[in-house]
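Step one of this worksheet: look at the structure below.
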Amino acid sequence: MKRRLITAALPYANGFIHLGHCAGAYIPADMYARFLRLNGEQTLFVCGSDEYGVAITISAEAEGVTPRDIIDKYHFANSEAFARLGISFDIYSRTSEPEHTRAAQEFFLDWLRKGLLVEREEGQFYDEVAKMFLPDRYVEGVCPNCGSDKARGDQCENCGAYYNQIELKNPRSKVSGQTPVIRKTKHWYFKLNEFQEAIEVYAESRAAYWKDNVMQQTRSWLKQGLAERAASRDLSWGVPVPLPDADGKVIYVWFEAVLGYISATKIWAQNQGTPEAWRDWWKKSDDNIYTAFLGKDNIVFHTIIFPIILMAADDYVLPAYVPANEFLNFEGQKFSKSRNWGVYARDFLQDFPEPAQIDALRYTIAANLPETRDSDFSWKDFQVKNNNELAAVFGNFVNRTAQFLHKYFGGAVPVLPERFAKLPEAWELLTDDLKREPLGREESRAKYESKHLRYFNPDEFAVLSALEFGTRRIAECYHSFRLREALLETMNVARAANKFFNDAAPWKTVKTDPDQCAKTLYVCAQLVRSLAVMFAPVTPNSSAEALRMLNTDSYTGEPDAKAAGVNRWNDVLHPLLAQGAMTAPPKILFGKIEDATVEKQLSKMGTATAAETVTEEELLGIDDFRKIQLRTAKVIAAERVPKSEKLLKLRVEIAGKERQILAGIAKFYTPEEMTGKTVVVAANLKPAKLMGLESQGMLLAANDDEGNLALVTLEREMPSGAEVR
RNA sequence: GCCGAAGUAGCUCAGUCGGUUAGAGCAACGGAAUCAUAAUCCGUGUGUCGGGGGUUCAAAUCCCUCCUUCGGCACCA
């Protein structure tokens, strides 16, 4: 039996996950995992937090806490969010686990033994006070290129030049403020280049299965050629390099984080009481199929770097499928942390805690998966999808069937009357016949129609063939990672079920032909069960609810060893509910989402309170404030700066003296309307160069979140050069 | 301004290795029905496939050009 290993990109434990992450990797991976488990396939779905790296130490310092505090905060928050979203990991681990350290170190030593690492010494800035080597973002100094004193690390903010850290003039450590010294430091470089050809062969062998965007990014990297890459860093926060002379050195995240998939699997195996079982999943075998879900920012790590690591280690499985998604936008705009544009999972869960609401989110995201290009999440769409699709089509069919059963059949699955007693057998025969027909050719149904009309009327025949063809089509979509289409096809089966209910009109036959009515509802009850299972990968909570209403097996694809081998997906085709079985009183599966709810969420978008980011220690004393000379200035001439979108070059007069100021206001003010205006400028700033022109001051204007801008002007006329305070 | 992506029905999107009357869901409109959360089912699209030009027997699909939008960069002292 095949073993299907699934990983979803490890989220970085330096922030909360948002719906973009969910759409990129976790929801599609979860749908796929649940689908496979419903099929009875052996499936292992692995993920965890990525918890090392410079960014985390920077956050820790900024907040005055330890890195451990940071990763605990985000690991537990994200882990809980995933659980509540119903992401059915077999294990959600973390890279700070000792087992991960062991695993990563083993790999490192193995590379060393195999001669894949080269040791090399180079100079780097060292802070003698803080006693640490300085990563690029911890040093600043004078740019060797343009002389700006705001240059940092390996790049100048002013002129954009890239250079080696040690070329920086007058370097200053951002940790201690002291001047760092240059010290030799040793690192291990991984010879990625030795795998150039092997990766090319591997990638091309997968060309038929990987999406265009995945292949193209991979090829473009390979085209540039793989080079040696440092596999270690001078850092305190990471997996230590396991060598005697390697104090203060950690394995670089490129070569460490992805191993989290493997260490997580090892921990899972230990928890199962079968510590060696991880090999069943990771060792190369014809039965092992590995699929890696991720966002487009992560492609080459999973098609080049990780495969190299796996190849280097011998007999590991390589990713067979890499379904990479594009990005999810929010209300038409890109996610932005600083602008608070986007929806965090935890915020959603706080406002929409109901299981059915979580299902509605999963459904909305699944229906809009950025499979081929960036797509959009909007609250209005969330409402529309919930109200007009989930509630109106799927929910409604479940409800009308349940209501009918309770109104006319005492809440039981109808017992088939004498004349339809053979229905279950006829159902099996019909399903068998339809199975032989290729998909996509509706006319092929016709040849069986007359044969089965002895047992089924045309409406019944139609709905059962919609079920059979739909189930196959959906399975095919899942297997080829067209999840959005899978969902659409699933909803189409629910539509066919509603159509059947309408066409069969049991509310009429209940009076005119009770036998026929019983038969109709018998079919409907079976369809409710089928639909609940078919929707389970997307709406597990509501599916379980519907199955519980039918007092039947409510499994919806969670990890469960006992589930392997039981093909519930296939069972969707069979009438498994027993005649006369009692059902629970109907419950509404999906409530409506009101306009007011949508408006409330919309109004929350983008309302980052700037005040929040001003912390105590940033408060200025009055003396500091006085250092800035604000003066009124009269604009005597203005013109656009050529080739610049935003800059206006202004000639201003301050108390009789002229100077030139560049201002980024061209999108909002024309040179003509600027001329003659009295504005407020910061008059004692160091001159700066913008687009090659000198700016001797800064003009004051108000900015809003959207980037709109309004000049600060005077309420009454004042001479130029007047002090503003 | 540079780089990248994209512009297909009112909306969200599919189709784009050239080939019959360009598709789906939602919305809208008309009808049927009333078991059901006014939920369902049926029917209805003269869409310049962003504009223009070219290649071709044939272009939404290839080439050129222009326009617009969205990212990234530059820039916003």
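Residue numbering restarts at 1 for every chain, and letters A, B, ... go by the order of the sequence lines.
Distance Leu369(A) CG to C13(B) P: 12 Å, rounded to the nearest Å. Between Met698(A) atom CE and C75(B) atom P there is a gap of 16 Å when expressed in whole angstrom units. In this entry the distance linking CH2 of Trp379(A) with P of U12(B) reads 18 Å, nearest Å. Atom P of nucleotide A24(B) and atom CG of Leu488(A) are separated by 11 Å, given to the nearest angstrom. In this entry the distance linking CZ of Phe409(A) with P of C35(B) reads 14 Å, nearest Å. Rounded to whole Å, the distance from CG on Asn325(A) to P on C13(B) is 14 Å. Atom CD in Gln383(A) sits roughly 14 Å away from atom C1' in U37(B) (whole-Å rounding). The distance from atom CD1 of Ile588(A) to atom C1' of U40(B) is 14 Å, rounded to the nearest whole Å.
We find that Lys519(A) and Glu460(A) are joined by a salt bridge, their nearest charged nitrogen and carboxylate oxygen being less than 4.0 Å apart. Ion pairing between Arg548(A) and Glu545(A) holds under the 4.0 Å rule for side-chain N and carboxylate O. At a threshold of 4.0 Å, the pair Glu468(A)-Arg472(A) counts as salt-bridged, since one of the basic side-chain nitrogens sits closer than that to a carboxylate oxygen.
G19(B) and A60(B) have their C1' atoms separated by 13 Å, with the value rounded to a whole Å. Separating the C1' atom of A24(B) from that of G45(B) is a span of 13 Å, rounded to the nearest Å. For the C1' atom pair drawn from G10(B) and G47(B), the interatomic distance equals 11 Å after rounding to whole Å. Rounded to a whole angstrom, the distance from the P atom of A6(B) to that of C64(B) is 15 Å. Rounded to a whole angstrom, the distance from the C1' atom of C13(B) to that of C49(B) is 14 Å. To the nearest whole angstrom, the two P atoms, one in C11(B) and one in G72(B), are 25 Å apart. Remark: the separation of the P atoms in G53(B) and A74(B) is 40 Å, to the nearest Å. U69(B) sits 14 Å from U8(B) when the P atoms are compared, rounded to a whole Å.
Between Lys380(A) and the phosphate of C26(B), there is no side-chain N or O to OP1/OP2 separation shorter than 4.0 Å. The side chain of Arg482(A) places no N or O atom within less than 4.0 Å of a non-bridging phosphate oxygen (OP1 or OP2) of A24(B). Taking 4.0 angstrom as the limit, Lys407(A) places a side-chain polar atom (N or O) nearer than this to OP1 or OP2 of A36(B).
With RNA chain B read from its 5' end, the first of the two nearest nucleotides for Ala494(A) and Phe590(A) is the one closest to Phe590(A). Take the nearest nucleotide of RNA chain B for Lys511(A) and for Ile661(A): the residue whose nucleotide is more 5' is Lys511(A).
The partner of U44(B), taking Watson-Crick or G-U wobble pairs whose two distances both stay under 3.5 Å, is A28(B). For C2(B), the paired base is G72(B) (Watson-Crick or G-U wobble, both distances below 3.5 Å). Pairing for G7(B) goes to C67(B), judged as Watson-Crick or G-U wobble with the two contacts each under 3.5 Å. With a cut-off of 3.5 Å on both Watson-Crick or G-U wobble distances, the partner of A59(B) is given as none. Applying the Watson-Crick and G-U wobble criteria (two distances, each under 3.5 Å), G23(B) pairs with C13(B).
Nucleic acid contact for Lys499(A): sugar-phosphate only, since backbone atoms but no base atoms lie under 4.0 Å from a heavy atom of the residue. Nucleic acid contact for Glu485(A): none, since no nucleic acid atom lies under 4.0 Å from a heavy atom of the residue. Note on Asn368(A): only backbone sugar-phosphate atoms sit closer than 4.0 angstrom, heavy atoms only; bases stay farther off.
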Could you walk me through whether Gln516(A) and Asn457(A) pass the side-chain contact (heavy atoms from CB on, under 4.5 Å) test, one step at a time? CA-CA 10 Å; Gln516(A) 178 57 44; Asn457(A) 66 31; 3.4 Å; yes
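Annotation: side chain to side chain contact (heavy atoms under 4.5 Å, CB included) contacts of Gln357(A) (sequence neighbours excluded): Phe352(A), Pro353(A), Glu354(A). Remark: His406(A) pairs with no residue by the ring-ring contact (aromatic ring centres under 6.0 Å, His included) rule, at least two apart or across chains. Annotation: side-chain hydrogen bond (donor to acceptor under 3.5 Å, both in side chains) contacts of Ser530(A) (sequence neighbours excluded): none.
Aromatic pair Tyr478(A)/Tyr32(A): centroids not less than 6.0 angstrom apart. Residues His18(A) and Phe348(A) keep their aromatic ring centres 6.0 Å or farther apart.
Applying the salt bridge (charged side-chain N to carboxylate O under 4.0 Å, His left out) test to residues at least two apart or on different chains, the pairs with a partner in residues 502-512 of chain A are Lys499(A)-Asp503(A).
Residues Arg495(A) and Asn498(A) bring no donor and acceptor atom of their side chains to less than 3.5 Å of each other.
Aromatic ring orientation, Phe404(A) versus Phe501(A): perpendicular (interplanar angle above 60°, classes split at 30° and 60°).
Side-chain atoms of Asp376(A) lie closest to C13(B) of the nucleotides C13(B), G25(B), U37(B).
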Table of protein N/O atoms under 3.5 Å from nucleotides 27-34 of chain B N/O atoms:
unit_1	atom_1	unit_2	atom_2	d
A27(B)	OP1	Asn388(A)	ND2	3.1

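Looking at residues 393-403 of chain A, you'll see Gly395(A), Asn396(A), Asn399(A), Arg400(A), Gln403(A) sit with a heavy atom under 4.0 Å from some atom of RNA chain B.
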